[in-house]
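See below for the structure under consideration.
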Amino acid sequence: MSLLLFILLPLLAIFLMPFYRAYLHYVSTVLSMALFGLALTCKAALPLVERVAVDLPLAITFELSSVSWLLVTLFTLSMSLFSLYHLRFSSNKALFVGTNMLLVGVIGLVLSRDIFNIYIFFEISSISAYLLTSLNQDAKAYGGAIRYMIIGAFASLFFLLSIMLIYLTIGVLDLQMIAQRFNLIDEQVQYLILLSLFIALGIKTELFGLNFWVPDVYQASRSAVSGLFSAMLSKSYLFLLFHLAYLLHVSTSQMAFLTLVAALTFAVAEFSALKSRETKRIFAFSTLGQIGLIALALSYGDTALTEAALFLIIVHALAKLMLFLALDLLERRLGSTKSEIFARFESLFLMAVFTVGALSLLGIPPFAGFAAKLSLLKGLAGLEAYGAMALILTVSLIEAAYLFRLLSGFRQGEQKMVVTLSPLERLIFGVMMFALLLLGLMPQPLLALCQEAAQAMLGGYHAAL
Amino acid sequence: MFDSLHPLITMISLAIFGVALLGVLVKKNLFKIFLAFSVAESALFLFFIGNHYTPGLKAPIAADGITRFDPAFMVDPLPQAMILTTIVIGIAVSALGLSMVIRYYKLTGHMRIDKMDELGEEQ
Amino acid sequence: MEEGFNAYRQSLESEEQSIKSTQSVVEQAIAWFRAHSMFVLAYGTGCGAIEMPPTFTSRYDIERLGVVGVATPRQADILIVSGYCSPKTLKRVIRSYEQMSDPKYIIGLGSCTINGGMYWDSYNTIKKLDDFLPVDMYVNGCMPRPEALIEGFVKLQEKIRLNSSEAGYIKYRDNYAHYRANQERLFGAQVAPSYEENFAGMN
Amino acid sequence: MLHFEATLLGHLFFGLSLLVIVALLRKNDGLWHLLLLGSLGIIFYASSLVTLFIGWEMMGWSGYFILSKTARVSTLQRYILFNLGGAFALLGAIALLFSFMGSMMLCDIDLTLLPVWALHSVSALVLIAVFVKSGIIGAHDWVVDSYQEASPLFSAVLSAILSKAGIYLFIVLLLKQPHDERVLFELMAWLGAITSVVATFKAISQDEIKRLLAYSSIAQLGYIITALSLMQAYALEAALYHTVIHTLVKLLLFVNVAAIMAITGKERFSELGGLLYRVPLLFVLLVIGIIALAGMPLLGGFNGKFLLYTALLEEKRALLLATVMFSSASAFLYCYKLVYGIYLGQRPHDESPLHVSPKSYYIPQLLSAALLILLGFLPALPTPLFSAIGVEAGFSALEFTKPSILNSPFGSFNGAVLMSAFGVVFVLILGLLQRVHSKAKAAQNAQDISYCGEVPKAGVNLHFGYGMGHELGRIGFIAFILRRQSRRFWDYLNLIVGDLSILLRSLYALGTQHILLLSLLGFTLLLLGGL
Amino acid sequence: MVLIDCFLMLLLAYGFGFLYYGLYRNLSARVHGRFGPSLAQSFFDSVKLFVKEQSTTFGWMFYAGPIIMATGAVLNVLFIPFINHGDSLQGLSSSANLIVVLYLMVLGPLGNALGVGSNGNPFGVMGITRGLTRLIALELPFYLAVIGVMIDAGSADFSAIFEAQSQEMNLLKHPLLFMAAFISFLGFMGKSPFDVVGAPQEVYSGPATEFSGKFFALLLSQSAMFSFAKLLLMVNLFLGGADDLGDLVLKTFVLFVAATFIGSVYARFSTIQSVEFLMRIPTLLGIVGLALL
């Protein structure tokens, strides 16, 4: 049960693609479900370290700590839901390649413990993201993809610069060893490395100041694809940013700066969603907002808050994927993605899906978002961070404003197009809605997992303080 | 830290890197932007390899007669391997980017970055 | 039969004795109260209306007799038709009279209500009020002074005390058809709705 | 997440909500009403702060989805934003409390242990939730709009029950305050009184029926809030008593208005009138309702107010009592307007046919009318329950002699004597009036009114009495109140937030190269700053 | 025993009511320089109206309205004790207190309003609206004064109020409160500055437009008893209550004469003027009186 399976199997599937050209979606569904099963089975043997030795000094190590296990399970789960949803449609080669490469890149980011290895998966996930953005093959898709590539390339430049500086100064690539020797480096160079890392990963985790490109990309790509982006892509980079921050013992003032940036992301994104008319951009802003919230929680470096953040990651991924898949359904049936489409379709089930998704995003009981928001607020109150609490509470009022404006569309409009869902789609959305409700009413088991993951993530950081 | 780096190479590579970034920011044509990015990347490679290379040592290639890696008179092979993979990745990214630019040009008839107005709120 | 004012007085007094003997104490008490509290409808119909305010002021002070002006016909007992009466006014007068509750009395001031007075040949006044409404007490004089008006009230009090059967309201009720015919002849289509049902089952 | 515990207070409030929702259950949105009842059950039987909050929010959004069937989008937005604003304030308070108390269970919440600033901030946050829910004067626009635009039966539920959730929250969370830290409750008392005065005058000048009833609910809740802020056994009893009465009265009035709307299809005073002799039973029920609403001694409405007055007297709050009595006296004007506008006066000449009145509207009205009359006869009937709740909340027990005698620190009165005296005297006078010499004759028809000798023609609208309250606009002090509009403040705020959002959104419309320039600039600034 | 007591109180109230009403007409006549009717003229008027042959009615609500109004007046009389000690002429006041009586005074106008509303005459409703608007402003100073009295007495029961005034009348103890209460008492009595409700010319005698025959009689007799009840209330609250019947007559007479003379001197305020006046000076007096409690 080596960790490499997570990386190799999807790549192998891409390689053997010509053999099953017509059943691509079935293959990717089976593949992602298998990986999901695999992830669940190796829960017991945590933490799993695997060293792939080419020649003794040159070795690539993969580590599956409880945090990365949680994320890998989340990624494989969202991937299987995504491909289940696509079973109905005709097989699309680019989509198959893109999604599987994205899965590999994202899992690689989370697993690898070697800085250069991270760079490779950084590039793999980026390339697959560029490909997926341009799936619609029209001017809008290509425009979005090109913009994404330019900014992605800019980010990889800085990441490359930081790797080179690290290697030039301490000559080692393994994260553990970098962590030990990091404070040997000269003060300015440390700051330069951290800064370039922050810029590179900041662009990828879509923090404030560096995330102005995100709404365009979400608007350009298909809704289902943007669902994948918000469920997997930004989450993995978020984990990476804070994993490196904790490993390299970033100073408290820099952590405070991160908190400020995260708070700004949350507030600015939610505010700018208020008057937007484009549904995909609204959900993009909402994703940015939630990322800001997760970053805010992670930036305090406190186990309770990190536990809440991880729980929020999972809940947000589920809710946002559901919303985007439902939006994709609508987009395929009605064509446009203006926010008026909410007034032009007639399907009780789909309305329920949007309502459950919106309420969970907002953190309204009895859905999962509430448990996340409550533990977040409890953690903040424990740290007496009352400013952050006030910010979260007031800005989520803005969030409520635009989400309920969307929901109120159901009552407006006259001649509505009846949208019928296939039993499979009803099953997928039903499962996801039930999961959100279940997590809302009984969050304890998942919270315990997140607690354990939080301790694993912050173990080193607390030891050093 | 700057004393251990080779001053001349660092200066040249940073200069090239600056020019490349300037190109990315100023140039309007998408082709030129992607070319500027690959120039910037190669500037970084130059910086990295230049500063790491100690003159007089052999390249770490298993030629005839040398079967085992010997740090005494062989250069550290790791950066070489890294840069090689990065070059490959760089080429892959620019290939994908340029093919998209061509497709975009076929669809919209222009390649100017400041005229890309399909996305945004007004539509 | 003697003529003149005194003769009329004697006939009234003798009639009073004869009626008093026939009525029970209760009816006499009722008549007494009706006489001692008379509500006049504050409705000046003609030129004589100017004579009524002085009667209420301190010089003549009719309130001593228990006379009070009220605004609505519902509360009023007495309607004073003061002077000439054009058909337009007569329509309102009839409506108000019909809305007053029994027993109700009408005092006609001046000769215009008797035979048209100086407007005898005018095209727009009615010549004889009695054709349209049963008048109980006439006070003559081309606009009688307040003393005459008070004299009229005193006489009316005595008549009310008699509780005699040919009071105006009974006459109106009994031969309503006659009055109604006159009214319809005068007003034609604009006659007010008839008040027929109100008299059913009253006597 | 959900912990429950049966308390007397919970039984009282849940009993009331059960009565209201079951009485108004209809087929078309019955499911949502049951969900609402479930969420109310969660609130009233919650034993942990989180459960309380879950019930609170579910009540909020289930109400939203019922309201969304009939209301406009702007009203829905106003409803949900105010409710969520209150709920998030409550969530902040819960988080704060948890950080000091360490546990979420209600039983070990002890406000005396909190430091002063924490006590004030927790109380302030909870008060925001209470004020928003009961529609205190600044935050009352959503109440008025949603009552007006909800379906008549749902506005009955809204006014009878949902507004009481705030009261329950106050009793559960804030009642056990340390004595000297009550600066907030002084403000709250005055806020309640001022709300009742302003809402009463606004109610008088309304033309739509449901808006009038909405303002009247706001005013009545102002009394309850003033009563609660006195922190005293009899004041708590007054608050609870008035809550019960207000629920019954509003149920009666709203269902009555719903019946009228079902019959005539109109909902403004100017379009109604003269229905007295067509639906006499509805008229009698409405008269019972307004007698209780105005707080006149005969029916139960007076008992709650009597206890409030005596509590205020005992606390020597003369000016506060004067304000409350002033507003409850002027409440009589809108009570009469409600009766006159719909039933009395001349019916406008349009002879649109009346639909038959649905039987199911009568049951809730008869039920609450019977209860009000019972409470009129036996005013002290619920006192043992209220005193038990008071003891449970930490106050001293209340004095209770007989169910018919309601006693208070400032004197008692016997409801049975009052009612039977009224009955006996009424019958005596009726008998006298029948025996009297003068016989009553019915007027001929609607035109047979004393109208200065004129005969009112059919087209003349004689029902202009409905405009009762416009003359208040000419009285200086009241005109000042009527001109104050908190709606303008909220709309201005909405405008600012909208502009800010458009401004910030323009950040996301930057060109690619501008974005790169910005990040490069950020990089260099941070670099120079850091070195 | 209580029944006889109540019946006696009603008789007294009826008698004194009409006596004072006749007195009022006589006194204001004397002020106008004329003799005025006999003292019992109002009694004669009401009896004459009772014995009228015919009185128009507009349905059962119109019939019930005046009855509720009369019941309200009668209840007021019964619930206010005539004598401030002992158990004679106490009526039912033992089972009620001042606050109940205050709010019972609103019951009469409700009956009147319902009756007037049901007959459909627009003038009637204009009168009622004027009455209710004026009622708002009337009750403010009166409540301020009553609150002062209750706080000073420490309870709302009449016995406690009498006991608090045993040494010194409230009139002397709290002159400001008395003044505020007296001004609004004028309004309650419907005396001249504040008699805009039933103005004959403007609103066709206001609420009483459609009252004919026995209904108008009932209206007159209940307003007589109601004004006597209010006189009684003022006496109990501010003049220390009546020790015996003679003291009762004296005090009510003094108070009544003062009200009559003020009434017959002032012209009529319009609704807006009376509301704005009552909300200024008397309310100010009341608030200052309360402050000095």
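Chain A is the first sequence line, chain B the second, and so forth, proteins listed ahead of strands; every chain is numbered from 1.
Only the side chain of D:Phe201 comes within contact range of chain E, with heavy atoms under 4.5 Å apart. With a threshold of 4.5 angstrom between heavy atoms, D:Ser330 approaches chain E through its backbone and through its side chain. If you measure heavy-atom distances from E:Leu75 to chain D, the contacts under 4.5 Å come from the side chain alone. Of the two parts of D:Phe426, the backbone and the side chain both hold a non-hydrogen atom closer than 4.5 Å to a non-hydrogen atom of chain E. At a 4.5 Å heavy-atom cutoff, the contact between D:Ile478 and chain E is made by side-chain atoms alone. For E:Phe50, the parts sitting under 4.5 Å from any heavy atom of chain D are the backbone and the side chain alike. Contacts between D:Leu312 and chain E at a heavy-atom distance below 4.5 Å are absent for every atom of the residue. Using a 4.5 Å cut-off between heavy atoms, D:Leu432 contacts chain E through its side chain alone, with no backbone atom that close. At a 4.5 Å heavy-atom cutoff, the contact between D:Leu418 and chain E is made by backbone and side-chain atoms alike. Contacts between E:Val100 and chain D at a heavy-atom distance below 4.5 Å involve backbone atoms as well as side-chain atoms. Heavy-atom distances place the side chain of E:Ile128, and not its backbone, under 4.5 Å from chain D. Residue E:Asn97 touches chain D through both its backbone and its side chain, counting heavy-atom pairs closer than 4.5 Å. With a 4.5 angstrom heavy-atom cutoff, E:Met279 touches chain D only via side-chain atoms. Residue D:Leu462 touches chain E through both its backbone and its side chain, counting heavy-atom pairs closer than 4.5 Å.
Among the candidates E:Ile68, E:Leu107, E:Thr71, E:Leu110, the single residue satisfying the side chain to side chain contact (heavy atoms under 4.5 Å, CB included) test with D:Leu298 is E:Leu107.
Side-chain contact between E:Leu114 and D:Tyr340: absent, with no pair of heavy atoms (C-beta onward) separated by less than 4.5 Å. No side-chain heavy atom of D:Tyr309 sits under 4.5 Å from any side-chain heavy atom of E:Ile147. Contact annotation: the side chain of D:Ile429 never approaches that of E:Pro66 to less than 4.5 Å [non-hydrogen atoms, C-beta and beyond].
Using bins of under 30°, 30° to 60° and over 60° for the plane-to-plane angle, the ring pair E:Phe123/D:Tyr451 lands in the tilted bin.
A side-chain donor from one of E:Thr133 and D:Glu471 sits under 3.5 Å from a side-chain acceptor of the other. D:Ser450 and E:Glu210 are linked by a side-chain donor-acceptor pair at a separation below 3.5 angstrom, with hydrogens and angles left out of the test. Residues E:Tyr103 and D:Ser328 have side chains that bring a donor and an acceptor to within less than 3.5 angstrom of each other.
Highest contact tally toward chain D, considering only E:Phe79, E:Phe62, E:Phe215, is held by E:Phe79 [criterion: heavy-atom pairs under 4.5 Å]. Your options are E:Thr209, E:Leu104, E:Leu102, E:Leu98, and the one with the most heavy-atom pairs under 4.5 Å with chain D is E:Leu104. Chain D forms the most heavy-atom pairs under 4.5 Å with one residue out of E:Ser155, E:Ser159, E:Gly213, E:Pro109, and that residue is E:Ser155. Counting heavy-atom pairs closer than 4.5 Å to chain D, the top-ranked of the candidates E:Ala153, E:Ser55, E:Cys6 is E:Ser55. When each of E:Arg280, E:Glu139, E:Met61, E:Met150 is checked for heavy-atom pairs under 4.5 Å with chain D, E:Met61 comes out on top. With chain D as partner, the option from E:Gly154, E:Ala291, E:Ala160, E:Ala70 having the largest number of non-hydrogen pairs under 4.5 angstrom is E:Gly154.
How far CG of D:Asp448 is from CZ of E:Phe58: 6.0 Å, rounded to the nearest 0.5 Å.
In terms of modelled atom types and a separation under 3.5 Å, the side chain of E:Glu276 and the main chain of D:Gly476 share a donor-acceptor contact. A donor-acceptor pair is defined here as one N or O able to donate and one able to accept, closer than 3.5 Å; such a pair exists between the side chain of D:Tyr336 and the backbone of E:Ala113.
The nearest pair of heavy atoms linking D:Ser412 to E:Asp157 is N-OD1, 4.1 Å. For the residue pair E:Ile151 and D:Ala318, the shortest heavy atom distance occurs at CD1-CB, 3.9 Å.
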The test is side chain to side chain contact (heavy atoms under 4.5 Å, CB included); show your working for D:Ile475 and E:Ile136 and say whether it passes. CA-CA 12 Å; D:Ile475 301 168; E:Ile136 294 179; over 6 Å; no
